[in-house]
Amino acid sequence: MKIAVYGRQFNDPSVFPYIRQVFDSLTQHQVEICVHPQLNEYLQENIDTSAYTLLNCSQSIKNDIDVFLTLGGDGTLLDMVTLIRDSGVPVIGINFGRLGFLASINKSDIAAAIHAVVNKEFTLDSRELLVIESEQKVFGDDNFALNDVTIHKRDDSAMITNHVSLDGEFLNSYWGDGIIISTPTGSTAYSLSCNGPIIFPQSNSIALTPVAPHNLNVRPVVLPNTSTLTIDIDYRGSSYIVSCDSRTVIMDKPTQFKVYKAGFKMNLIRLNNESYLSTLRKKLLWGLDARNY
């Protein structure tokens with residue numbers, strides 16, 4: 001089995017033992033290890049680099065990598081979306097962050113998780129993505145998102161207005177700080193913090209959630225994932241922000257965007273002792289009596 005490993009730079013030295021445990025466990029299972037160049041720079045003085053080779057990011061990973069392993073939080077896993085693209089390579093994240101809906105493996109479960117992955121004791125959880133298009137092609141070929149597409153005002157600007165049409169029919173004009181268009185996966189991210197609904201991954205839906213709407217009668221809307229949203233933007237400030245997961249572009253002129261479901265999915269590894277419900281309960285502390293704490 002060939003496993004690729006990715007991580008951002010870690011500022012907390014307390015993660016070093018866990019990183020070493022990851023590589024020790026992979027080596028014990030005689031896994032062929034490739035490391036993303038960005039992580040390799042950070043590991044030079046902390047890990048035996050002879051245990052792995054470098055991942056060639058200029059080549060397609062399809063039919064070359066069996067599993068992608070990320071070290072960090074959900075943002076780290078989201079970084080991999082543009083590298084994995086439509087290859088179908090499954091991803092599993094070890095959570096060095098805080099919440100971890102996507103990177104769901106706890107640091108204390110590293111050895112057991114790697115054993116399960118190597119022995120293929122898991123299922124694949126296919127997650128839908130969104131595509132954002134515009135005449136300027138502001139995100140180039142990386143115009144797809146696993147979590148959400150966001151159109152937001154700048155910190156120093158007045159309200160932004162998003163005129164939204166659904167499949168060619170006018171839906172609403174959203175005055176406020178912006179809008180979030182999220183997949184079911186992204187429904188537990190930024191959208192949730194703006195009172196958006198939690199959507200189960202197999203619901204075949206997307207959510208449109210307003211951010212700090214000016215009109216109190218404006219509420220999140222759940223739409224079929226077959227929908228195409230067209231967004232025309234009015235703003236009084238000098239610029240506004242468009243985000244595609246963790247990739248952000250500052251726009252300085254009115255633009256029309258189209259957002260719709262991508263033609264491919266991303267495969268998350270779900271270990272056999274996990275379920276979407278168990279992750280929700282654990283991360284959101286559901287079923288726990290807060291009076292006991």
Side-chain angles (χ1 to χ4, degrees), residues 1-8 10 15 18-40 42-43 47-97 100-129 142 144 146-147 185 201 245-246 262 264-276 278-279:
M1 176 177 282
K2 190 173 184 179
I3 294 181
V5 185
Y6 172 79
R8 296 173 175 174
F10 300 99
V15 303
Y18 299 107
I19 295 174
R20 293 190 188 98
Q21 185 182 4
V22 168
F23 282 90
D24 288 344
S25 295
L26 292 172
T27 302
Q28 289 171 6
H29 286 90
Q30 299 181 333
V31 169
E32 185 179 352
I33 309 169
C34 326
V35 170
H36 191 279
Q38 179 176 309
L39 177 61
N40 175 63
Y42 177 71
L43 295 180
I47 297 292
D48 178 12
T49 58
S50 64
Y52 61 78
T53 59
L54 282 183
L55 179 68
N56 188 344
C57 298
S58 64
Q59 295 181 354
S60 173
I61 63 173
K62 189 174 184 179
N63 302 321
D64 182 43
I65 302 298
D66 295 304
V67 171
F68 228 110
L69 176 67
T70 66
L71 308 178
D74 286 355
T76 306
L77 194 149
L78 288 173
D79 286 348
M80 289 294 90
V81 174
T82 56
L83 180 60
I84 293 169
R85 307 182 71 86
D86 59 352
S87 66
V89 174
V91 187
I92 186 169
I94 296 175
N95 183 24
F96 290 169
F101 274 99
L102 298 175
S104 58
I105 304 302
N106 193 281
K107 295 189 293 286
S108 61
D109 299 326
I110 288 173
I114 290 176
H115 178 273
V117 169
V118 171
N119 289 279
K120 299 184 178 180
E121 297 171 355
F122 60 81
T123 57
L124 294 182
D125 189 359
S126 294
R127 299 296 183 91
E128 293 180 345
L129 297 92
D142 297 333
F144 44 88
L146 177 63
N147 260 3
T185 300
D245 280 345
S246 56
F264 60 93
K265 296 183 179 182
M266 183 171 176
N267 291 319
L268 299 180
I269 288 178
R270 190 169 295 282
L271 302 183
N272 291 341
N273 62 345
E274 290 184 319
S275 69
Y276 184 72
S278 69
T279 300

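Quick note: residue numbers are just sequence positions, from 1.
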Is any side-chain heavy atom of [Y] closer than 4.5 Å to one of [X]?
{"X": "Y6", "Y": "L83", "answer": "no"}
{"X": "Y52", "Y": "L26", "answer": "no"}
{"X": "R127", "Y": "K265", "answer": "no"}
{"X": "M266", "Y": "L77", "answer": "yes"}
{"X": "V35", "Y": "F23", "answer": "yes"}
{"X": "F101", "Y": "N147", "answer": "no"}

Specify the closest pair of heavy atoms between [X] and [Y], including all atoms of both residues, with the distance to one decimal.
{"X": "F68", "Y": "L55", "value": "CZ-CD2, 3.7 Å"}
{"X": "I269", "Y": "P90", "value": "CG1-CB, 3.7 Å"}
{"X": "A103", "Y": "G72", "value": "CB-O, 3.9 Å"}

Applying the side-chain contact (heavy atoms from CB on, under 4.5 Å) criterion to V91, which one of L124, D125, I84 satisfies it?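 Single pass found, and it is I84.
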For D66, side-chain hydrogen bond (donor to acceptor under 3.5 Å, both in side chains) partners two or more places apart: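 Here no residue qualifies.
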When rounded to the nearest 0.5 angstrom, what distance separates [atom1] in [X] from [atom2] in [Y]?
{"X": "T76", "Y": "I94", "atom1": "OG1", "atom2": "CD1", "result": "11.5 Å"}
{"X": "S60", "Y": "I65", "atom1": "OG", "atom2": "CD1", "result": "10.0 Å"}
{"X": "L268", "Y": "L146", "atom1": "CG", "atom2": "CG", "result": "6.5 Å"}
{"X": "H36", "Y": "N56", "atom1": "NE2", "atom2": "CG", "result": "10.5 Å"}
{"X": "N267", "Y": "I92", "atom1": "CG", "atom2": "CD1", "result": "13.0 Å"}
{"X": "L54", "Y": "N40", "atom1": "CG", "atom2": "CG", "result": "4.5 Å"}

Applying ring pair (Phe, Tyr, Trp, His ring centres under 6.0 Å), can you list everything that pairs with Y18, at least two apart in sequence or on another chain?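 Residues passing ring pair (Phe, Tyr, Trp, His ring centres under 6.0 Å) with Y18: none at all.
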Only counting residues at least two apart or in another chain, list the ones meeting ring pair (Phe, Tyr, Trp, His ring centres under 6.0 Å) with F144.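 Per chain and number, F144 pairs via ring pair (Phe, Tyr, Trp, His ring centres under 6.0 Å) with F264.
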Does anything in residues 67-95 form a salt bridge (Lys or Arg N to Asp or Glu O under 4.0 Å)? List the pairs, not counting sequence neighbours.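 Every salt bridge (Lys or Arg N to Asp or Glu O under 4.0 Å) pair that includes a residue of residues 67-95, provided the two are not neighbours, is R8-D79, R85-D142.
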Can you run down the salt bridge (Lys or Arg N to Asp or Glu O under 4.0 Å) pairs that involve residues 18-36, sequence neighbours left out, and say none if there aren't any?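 Those involving residues 18-36 are K2-E32.
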Under 3.5 Å donor-acceptor pairs involving side-chain atoms of residues 104-120, not counting sequence neighbours:
| unit_1 | atom_1 | unit_2 | atom_2 | d |
| --- | --- | --- | --- | --- |
| S104 | OG | E274 | OE2 | 3.1 |
| N106 | OD1 | S108 | N | 2.9 |
| N106 | OD1 | S108 | OG | 2.9 |
| H115 | NE2 | N119 | ND2 | 3.3 |
| N119 | ND2 | H115 | O | 2.7 |

